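Reviewing the structure listed below.
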Amino acid sequence: MPTAFQKELVTLSHRLADLCALVAIALEEATRSVLESDDTLGGRVREQVAAAAALGAACEDQACALLALHAPREAEVKAVVAAVHTAADLTRMGGLAREVADARGPVPPDARPALARLGAHAVAAARALGELLAGGDGAGIGDAVVLAGAAERELREWVDGRDRPRGAGAAVDLALLAAVYVRFAAVAVGVGRRVAGFAVVGA
């Protein structure tokens with residue numbers, strides 16, 4: 001039968017899943033704000049990212065309280081430490097979503113489909129991670145990241161294939177934006193590996 005500590009650890013894991021869902025929504029709406037040049041959506045993303053940062057800090061506090069109020073075994077300590085790192089990484093993912101929302105300038109129409117695909121795959125990786133944190137298998141994380149990488153290459157090929165001296169700045173901005181999505185997905189993979197290595201005890 002799970003101990004009180006283990007039950008609290010499961011609760012923490014579900015809060016982390018909620019945090020993951022929040023950053024996934026933030027990135028999804030950030031992508032829409034960029035594709036549609038919608039400043040209202042961008043403002044909403046900033047609010048979501050602030051809420052994610054607050055929830056991440058609360059998760060870290062809860063994890064520290066678990067260590068302070070209980071006498072966990074070694075495996076339990078590792079799970080709590082993994083939860084602390086996970087909260088920090090998910091908060092970082094929120095920051096990356098804000099970078100997308102803060103992107104400068106409109107996206108060229110012929111580049112929008114590839115950027116939309118890249119955003120969708122990065123969001124899918126975050127949602128698969130949320131399922132893993134909530135007790136699922138998170139099987140879709142790897143596939144989503146592979147697809148995100150393919151979409152990023154498509155965007156880079158689009159940038160490399162354009163000869164626009166006047167639009168060089170826009171091309172660079174688009175390449176940098178693509179890199180933000182890839183970092184977001186890569187963080188999701190890293191968290192997924194950590195969570196798989198230190199599954200919540202008693203879940």
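What's counted below: heavy atoms across the whole structure, side chains too, no hydrogens, waters or symmetry copies. On a predicted model such as this, the values are computed, not experimentally measured, just so you know. Numbering starts at 1 and runs along the sequence shown.
- Closest approach of Ala24 and Ala126 over heavy atoms only: CB-CB, 3.8 Å.
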Working for salt bridge (Lys or Arg N to Asp or Glu O under 4.0 Å), residues Arg98 and Glu47:
CA-CA 9 Å; Arg98 177 167 182 159; Glu47 293 174 358; over 6 Å; no
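- Hydrophobic clustering, with ILVMFWY side chains joined whenever heavy atoms are under 4.5 angstrom apart, keeps Ile25 apart from Phe184.
- Residue Ala58 comes nearest to Arg15 through the heavy atom pair CB-NH2, 3.4 Å, listed as atom of the first residue, atom of the second, then distance.
- Across Ala185 and Val145, no two heavy atoms sit closer than the pair O-CG2, 3.8 Å.
- Nearest heavy atom pair, residue Ser13 against residue Leu133, reads OG-O, 2.5 Å.
- Under a hydrophobic-cluster definition in which Ile, Leu, Val, Met, Phe, Trp and Tyr are linked whenever side-chain heavy atoms come within less than 4.5 Å, directly or via other members, Leu22 and Tyr181 are assigned to different clusters.
- Residues Arg183 and Glu99 are in side-chain contact: their nearest non-hydrogen atoms beyond the backbone lie under 4.5 Å apart.
- Clustering ILVMFWY residues whenever any of their side-chain heavy atoms sit less than 4.5 angstrom apart, transitively, puts Val182 in a cluster other than the one holding Val146.
- In this structure a side-chain-to-backbone donor-acceptor pair under 3.5 Å is missing from Thr31 to Gly119.
- A side-chain donor-acceptor contact under 3.5 Å links Arg112 to the backbone of Val107.
- A distance-only check finds a donor-acceptor pair linking the side chain of Thr11 to the backbone of Lys7 [under 3.5 Å].
- Here the side chains of Leu27 and Leu96 are not in contact, with every heavy-atom distance at 4.5 Å or above.
- A donor-acceptor contact shorter than 3.5 Å is absent between the side chain of Arg194 and the backbone of Gly190.
- The hydrophobic clustering, which links ILVMFWY residues whose side-chain heavy atoms are closer than 4.5 Å, places Met93 and Val189 together.
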Salt bridge (Lys or Arg N to Asp or Glu O under 4.0 Å) between Glu157 and Arg153: does it pass, once the steps are laid out?
CA-CA 6 Å; Glu157 288 170 3; Arg153 286 190 294 276; over 6 Å; no
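- With hydrophobic clusters built from ILVMFWY side chains whose heavy atoms lie under 4.5 angstrom apart, Leu115 shares a cluster with Val123.
- Listed here is the closest heavy atom pair of Ala111 and Leu155: O-CD2, 3.8 Å.
- In this structure, the side chains of Leu55 and Cys59 come closer than 4.5 Å at one or more pairs of heavy atoms.
- Counting only heavy atoms from C-beta outward, the side chains of Val195 and Val191 approach each other to under 4.5 Å.
- In this structure, the side chains of Asp143 and His121 stay at 4.5 Å or more apart for every pair of heavy atoms.
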